[in-house]
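Atom set for the values below is all heavy atoms of this structure, side chains included, hydrogens, waters and symmetry mates excluded. This is a predicted model, so every value here is computed, not measured.
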Protein chains: 2
Amino acid sequence: METMQVDGVIDGDPYHADCPTRRILDRIGDRWTVLVVGVLGDGDARFSELRRRIERISQKMLTQTLRSLERDGLVRRTVHPEVPVRVEYGLTDTGRTLLEPLRALREWSIEHVDAISTAQAAYDDAASS
Amino acid sequence: METMQVDGVIDGDPYHADCPTRRILDRIGDRWTVLVVGVLGDGDARFSELRRRIERISQKMLTQTLRSLERDGLVRRTVHPEVPVRVEYGLTDTGRTLLEPLRALREWSIEHVDAISTAQAAYDDAASS
DNA sequence: CGGCATCCTTGCCGATACTG
DNA sequence: CAGTATCGGCAAGGATGCCG
């Protein structure tokens, strides 16, 4: 249980260490983060609601993803001290700014998914001959 | 279970396992693909040049990433039959269309990386107290 | 130079059990 | 309801060696 809150990344090679692109991609690159942000883009949601709307996510990964996003200041967690406890998640202002580039990516996906599938089939076909 | 049709979302049930978004994100979501495409966005490059410009990438991952991109029809591979062999990689027309959403993401990263670092520090600081 | 094949470590992530 | 804790499988990816 050590505290790993050092601000500096482990120094390795020149050029790469402080690359913002990589740092962000390491965070939002996993398949759950984008989906969670996408759902929260529709409005605040409770934990169990998120679980329902993101079909295959496990409880562990949802918690983990939400914690990371909260740590990054992209998601706000609100605990309502009722019985039973109600916890609501929502995007912060910063988190909301992420919706735009994510949507661009999503639109690109939909636009090119067919071309990609075709290219894959052609590639595989050529390889097997 | 009815599909929750929410405004701003691409489809009624966009977060299912085989939706285009997830399929594409599974592919370009890894940290190498985005970097490779980014470098190739500056122009064609040889294998060794890509290795140099993407510092931490191993030969294995570079090859693997390039193969995937080639299979998806996003990258073109050209072998020049010289001695020694020269192999050049470049974006296809489809691949070039990916630069735009990727640039949006990169700009978002640069714009918010400081805020995220600050938020992380604050989060960790609050947790350790 | 630009790979491919192999071994082997790392850590992601699911499954499960327990708490407040 | 909304988590935390722990174990374990398995795939991603690094290291190394060989080839056209």
Side-chain angles (χ1 to χ4, degrees), chain A residues 1-4 9-10 12-13 16 22 25-36 39-40 44-71 75-90 123-124 126-128, chain B residues 15 17 22-23 25-36 39-40 44-71 75-90 123-124 126-128:
Chain A
M1 258 1 162
E2 79 281 28
T3 52
M4 43 162 298
V9 187
I10 303 161
D13 300 313
H16 123 281
R22 182 175 298 194
L25 278 169
D26 282 346
R27 188 144 305 283
I28 70 166
D30 70 286
R31 59 190 194 283
W32 300 124
T33 296
V34 173
L35 298 175
V36 169
V39 170
L40 289 177
D44 293 4
R46 308 179 53 168
F47 187 85
S48 48
E49 186 183 350
L50 289 170
R51 273 201 85 172
R52 273 196 308 275
R53 295 187 55 185
I54 308 171
E55 300 223 338
R56 309 229 170 176
I57 197 170
S58 65
Q59 176 275 328
K60 177 182 179 181
M61 291 318 296
L62 179 54
T63 301
Q64 196 170 300
T65 302
L66 287 168
R67 286 292 169 279
S68 289
L69 286 169
E70 189 191 359
R71 192 175 97 103
V75 158
R76 187 186 304 107
R77 179 173 180 268
T78 311
V79 181
H80 300 270
E82 309 166 352
V83 178
V85 178
R86 184 165 60 94
V87 181
E88 274 209 330
Y89 291 92
Y123 185 94
D124 296 342
S128 63
Chain B
Y15 307 112
R22 180 173 296 194
R23 285 190 53 195
L25 277 168
D26 282 346
R27 186 146 305 284
I28 71 165
D30 69 284
R31 46 187 170 288
W32 301 125
T33 296
V34 174
L35 297 177
V36 169
V39 170
L40 288 178
D44 294 4
R46 308 179 52 168
F47 187 86
S48 49
E49 185 183 350
L50 290 170
R51 272 200 86 172
R52 272 197 310 276
R53 295 186 57 184
I54 308 170
E55 279 286 313
R56 283 284 202 82
I57 197 170
S58 64
Q59 176 274 322
K60 178 181 179 179
M61 290 319 296
L62 179 54
T63 300
Q64 196 170 301
T65 303
L66 287 169
R67 285 294 168 279
S68 288
L69 287 168
E70 190 192 358
R71 193 174 97 103
V75 158
R76 187 183 302 107
R77 180 174 180 266
T78 310
V79 181
H80 299 270
E82 307 166 354
V83 179
V85 177
R86 185 165 61 94
V87 180
E88 274 209 331
Y89 291 92
Y123 185 94
D124 295 341
S128 65

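Between B:E49 and B:D44, the closest heavy-atom pair is OE1-O, 4.4 Å. In terms of heavy atoms, A:L62 sits closest to A:F47 at CD2-O, 3.7 Å.
Contacts between residues 75-83 of chain A and DNA chain C, defined by a heavy-atom separation under 4.0 Å, are absent.
Neither OP1 nor OP2 of D:dA2 sits under 4.0 Å from any side-chain N or O of A:R51. Residue A:Y89 has a polar side-chain atom (N or O) positioned under 4.0 Å from OP1 or OP2 of D:dG3. Listed pair A:R46 / D:dA2 meets the phosphate criterion, a side-chain N or O lying under 4.0 Å from OP1 or OP2.
Between chain A and DNA chain C, the heavy-atom contact criterion of under 4.0 Å yields a 5' to 3' nucleotide range of C:dC13 to C:dA15.
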Every protein N/O lying under 3.5 Å from an N/O of nucleotides 10-13 of chain D:
{"residue": "D:dG13", "atom": "N7", "partner": "B:K60", "partner atom": "NZ", "Å": "3.1"}

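Residues meeting the side-chain hydrogen bond (donor to acceptor under 3.5 Å, both in side chains) test with B:E88, sequence neighbours left out: none. Partners of B:Q64 according to the side-chain hydrogen bond (donor to acceptor under 3.5 Å, both in side chains) rule, which considers only residues two or more places apart in sequence or in another chain, do not exist here. A:R31 is linked by a side-chain hydrogen bond (donor to acceptor under 3.5 Å, both in side chains) to nothing, counting only residues two or more places apart in sequence or in another chain. The side-chain contact (heavy atoms from CB on, under 4.5 Å) check on A:V87 picks up A:R77, A:V79, A:V85, A:Y89, with sequence neighbours excluded. Taking the side-chain hydrogen bond (donor to acceptor under 3.5 Å, both in side chains) definition, one finds that B:S58 meets it with nothing, sequence neighbours left out. The salt bridge (Lys or Arg N to Asp or Glu O under 4.0 Å) check on B:R67 picks up B:E70, with sequence neighbours excluded. Under the side-chain contact (heavy atoms from CB on, under 4.5 Å) criterion, B:L25 pairs with A:V34, A:L105, B:T21, sequence neighbours left out.
With rounding to the nearest 0.5 Å, the separation of CZ in B:R46 from CZ in B:R52 is 8.5 Å.
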Could you check B:L69 against B:L40 for side-chain contact (heavy atoms from CB on, under 4.5 Å), going step by step and ending with a plain yes or no? CA-CA 11 Å; B:L69 287 168; B:L40 288 178; 5.5 Å; no

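With rounding to whole Å, B:L62 atom CG is found 11 Å from D:dG14 atom P.
In the helix from C:dC1-D:dG20 to C:dG20-D:dC1, the rotation axis of the first five pairs and that of the last five pairs differ in direction by 50°, rounded to 10 degrees.
Evaluated for a side chain to side chain contact (heavy atoms under 4.5 Å, CB included) with A:I57, the options A:Q59, A:K60, A:M61 yield exactly one hit, A:M61.
Considering only heavy atoms from C-beta on, A:L50 comes within 4.5 Å of A:L66 through its side chain.
Nearest-nucleotide positions on DNA chain D place A:R67 closer to the 5' end than the other of A:R67 and B:V85.
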